[in-house]
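Both ligands and their constituent atoms are indexed starting at 1 by order of listing. Atoms considered below: every heavy atom in the structure, side chains included; atoms not considered: hydrogens, waters and symmetry mates.
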Amino acid sequence: MVRGQLSARGLEELLGHWRSAGPAYEALADVIRLLVLEGRISADVRLPAERELATRLGVSRTTVTAAYRHLREAGFVQSTQGSGTSTTLPTGQPPAAGDERGAGLLDFTRASLPATRLLHEAVEQAMSGLPAHTGGPGYDTIGMPELRAAIADRYAERGLPTTPDQIIVTTGAQSAIALVARALVARGDRAYAEGPSYPNAYDAITAAGARLVTSPVTVEDGWDIEALETAFRRTSPTMAYVMPEFHNPTSRTMPLEQRVRLLHVAARMGTVVVADETTAELDIDGGDSPPPIAALADRAAAHVVLIGSASKLAWGGLRIGWIRAAGDLLSRVAVGRAATDLGTPILEQLVVARLLRSVPEIRDERRVQLTERRAALWDAVGELLPSWTLPPAVHGGLTAWIGIGAPASSQLVLAARARGLLATAGPRFGIDGAFERQLRMPFTAEPDDIRRAVEILAECWPVVNRFDAEAIPSVSSMA
Ligand SMILES: Cc1ncc(COP(=O)(O)O)c(C=O)c1O
């Protein structure tokens, strides 16, 4: 069953700088393979006709024919008489290699720490509180009063007075993003997201029917606020998905003056600002923690929705997130939720209600861990890959957005995969195949594993970094 069609132009955008020093057909097949593995091209999508793609990419048709053959042999596409070539997943290989994770591979595709050491005690306390709740049906589409109260109190501690009826508990922040996007966006609407940004948010927002517009955030300069304002003025986005604190992947925090400008332009254009604060509590160096951006909303008459999560502070395995919004939007979210999800598990909510009472302690624990792990990444990259550019200042969050100095991120990730390291290539964080010169490395693994991961990258780098622009014409005509 073919579920969609990718135009030659669409594929060209996704491919970005796909060429490498090897034969062109191999480079083309490699990058399409990575796009399928990372879910950037879904299964059952028809690829462009060979002739059309060859013209678009400026290569010979035999190059495209050979690339498609290569992909067919590896099980990533199938060709049927009359319906062209469409993507498939090789049997037994889920995207992003879920099966491979247990097999001793280093997984650097997720930026997540192990559970807080307070988890055990919180689970025990939650277990003793559970019998008071087991007499009911257990379906909880809004969130338990004690957890909503704990979330509201945490906002108040951070400088944003909040009542429990402004909160809905969700199955992680991911589900919160999807629910909010579905409640806000109509098919064909524009939605804003930073470039780069958290890729699963791009996917949730486009799945809700939006077309994405973007403006840059860089490790050196943070938000290009003029470009953001221009994007808002030109496109009047229905919603804007932003990460004002420890933005993933750059780890930058938006300064106060830019927050005010963002809210003013949003208010003017009727845009709802959806701020994802999943990593907001993870400051490593103990600098100023600004209050949530919603604390400024009244000043600008802007509508701000906050999304939070227990995943990065406490543990991803709890699968608890939440939405803070005005009552009418929360009602729409609650009504829309039943189509995909009938509520959040009770025991986990009780656990998080307890953990949220110990946030300062958990933050201290995370600070110690992240200081050590950040140093491990910086030391290893500085020593083994000195030509790479580490971000000048990462004071919090979980990730380094590293400049690798050549448009070879996808090729690097493919080469690393063959040596047992799973990482996510730069273009996964963009919407149009950009960021081939960047690699996102989380610093959440044990220091030894971080060192090993960088060693693998350093082994692969000389092989993939033979990119030579002058060699391309002769290379592409080879196949
Ligand atoms: C910015 C951001 N938002 C949301 C999520 C998803 O979080 P959760 O585990 O709560 O679904 C992540 C996880 O990586 C993230 O980095």
Novice: Return the closest protein heavy atom for atom 13 (C) of ligand 1 as residue, atom name and distance.
Specialist: K312 NZ, 2.9 Å

Novice: Taking the basic N atoms (NZ, or NE/NH1/NH2) and the acidic carboxylate oxygens, is any pair closer than 4.0 Å for R452 and E459?
Specialist: yes

Novice: Answer yes if the side chains of N200 and Y202 hold a donor-acceptor pair under 3.5 Å, and no otherwise.
Specialist: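 Looking only at side-chain atoms, Y202 and N200 do not form any donor-acceptor pair under 3.5 Å.
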
Novice: Please name the residue in the list R324, K312, R158 that meets the salt bridge (Lys or Arg N to Asp or Glu O under 4.0 Å) test with E277.
Specialist: R158

Novice: Heavy-atom contacts with M243 under 4.0 Å: which atoms of ligand 1 show up? List them by number with element.
Specialist: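 Per the distance check, 1 (C).
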
Novice: Could you say whether the N/O atoms of Q174 and ligand 1 ever approach to under 3.5 Å?
Specialist: yes

Novice: CG of L14 to CG of L34: how many Å apart, nearest 0.5 Å?
Specialist: 11.0 Å

Novice: List ligand 1 atoms under 4.0 Å from G172, heavy atoms only on the residue side.
Specialist: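 Selected atoms, number and element: 10 (O), 11 (O).
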
Novice: For S309, is at least one N or O under 3.5 Å away from an N or O on ligand 1?
Specialist: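 It does: an N or O of S309 is found under 3.5 Å from an N or O of ligand 1.
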
Novice: Taking only Lys NZ, Arg NE, NH1 and NH2, and the carboxylate oxygens of Asp or Glu, determine whether D221 and R252 approach each other closer than 4.0 Å.
Specialist: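 Here D221 does not pair with R252 in a salt bridge, since their nearest N and O are not under 4.0 Å apart.
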
Novice: Is it the side chain (CB and beyond), the backbone, both or neither of R110 that lies under 4.0 Å from ligand 1, heavy atoms counted?
Specialist: neither

Novice: For D276 and Y241, test the side chains for any donor-to-acceptor distance below 3.5 angstrom and give the result as yes or no.
Specialist: yes

Novice: May I ask you to list the atoms of ligand 1 that are less than 4.0 angstrom from any heavy atom of T278?
Specialist: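 Counting atoms of ligand 1 from 1, those under 4.0 Å from T278 are 2 (C), 3 (N), 4 (C).
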
Novice: So if I count the atoms of ligand 1 from 1 in the order they appear, which ones are less than 4.0 Å from some heavy atom of R319?
Specialist: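 Numbered from 1, ligand 1 contributes 8 (P), 9 (O), 11 (O).
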
Novice: Please tell me whether S409 and Q438 have a donor and an acceptor in their side chains that are separated by less than 3.5 angstrom.
Specialist: no

Novice: Quick one: look up the protein heavy atom nearest atom 16 (O) of ligand 1 and list residue, atom name and how far away it is.
Specialist: N248 ND2, 3.0 Å

Novice: Among protein heavy atoms, which sits nearest to atom 2 (C) of ligand 1, and what does the distance come to when rounded to 0.1 Å?
Specialist: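 Checking every protein heavy atom, the shortest distance to atom 2 (C) of ligand 1 gives D276 OD2, 3.4 Å.
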
Novice: Less than 3.5 Å between some nitrogen or oxygen of A173 and one of ligand 1, yes or no?
Specialist: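 Yes - when backbone and side-chain N and O of A173 are compared with those of ligand 1, one distance drops under 3.5 Å.
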
Novice: Is the closest basic N to carboxylate O distance between E245 and R259 below 4.0 Å?
Specialist: yes

Novice: Which residue and atom name correspond to the protein heavy atom nearest atom 6 (C) of ligand 1, and how close is it?
Specialist: Y198 OH, 3.3 Å

